[in-house]
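Before any comments, here is the structure.
As the structure lists them, so they are numbered: ligands from 1, and atoms in each ligand from 1.
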Amino acid sequence: MKISHIEHLGIAVKSIEEALPYYENVLGLTCYNIETVEDQKVRTAFLRCGETKIELLEATCPESTIAKFIENRGAGVHHVAFAVEDGVANALAEAEEKGVRLIDKAPRKGAEALNIAFLHPKSTLGVLTELCEK
Ligand code: ZN
């Protein structure tokens with residue numbers, strides 16, 4: 001697969017409202033979009049940092065994977081998202097062929113209308129890995 005850059009870092013937070021002052025007032029980044037992704041049970045806030053974005057993730061209900069993540073591991077870095085240039089579907093097929101366990105067998109719509117898919121952290125040395133494309 002051909003990765004162009006880190007598209008975003010996903011960071012699990014208990015509350016976007018409580019997290020934003022750190023990112024905006026201390027780091028000086030600007031939040032330009034807050035949106036809820038219903039099927040993932042998350043509310044997301046995006047801040048630009050050069051070519052990469054920071055995606056703050058807040059659970060919308062206790063069953064959300066973000067709620068479970070925070071319960072088990074605390075708030076913090078949740079996933080790394082790489083932008084692929086030759087399509088998420090191709091990248092998934094290649095990863096699977098190389099023995100990587102997939103969370104998503106096919107691309108789906110994520111925040112910001114990106115096509116996304118996740119690789120399983122058991123196959124990626126503990127780092128939940130997202131592949132995405134515009
Ligand atoms: Zn993400």
Start with the C-alpha gap between R43 and E17, add the side-chain angles, then the distance that decides, and say whether salt bridge (charged side-chain N to carboxylate O under 4.0 Å, His left out) holds. CA-CA 11 Å; R43 205 166 144 245; E17 275 63 37; 3.1 Å; yes
Please work out the angle at the Zn ion (ligand 1) defined by atom OE1 of E55 on one side and atom NE2 of H79 on the other, rounded to 10°. 90°
Restricting to N/O/S atoms, is [X] within less than 2.8 Å of the Zn ion (ligand 1) or not?
| X | value |
| --- | --- |
| H78 | no |
| E130 | yes |
| H8 | yes |

Side-chain donor or acceptor of D104 paired with backbone N/O of F118 under 3.5 Å: yes
Between F46 and Y32, how do the two ring planes meet: parallel, tilted or perpendicular, split at 30° and 60°?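 Geometry flag for Y32 against F46: tilted rings.
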Ion pair present between K14 and E18, side-chain N to carboxylate O less than 4.0 angstrom?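 So K14 does not pair with E18 through a salt bridge.
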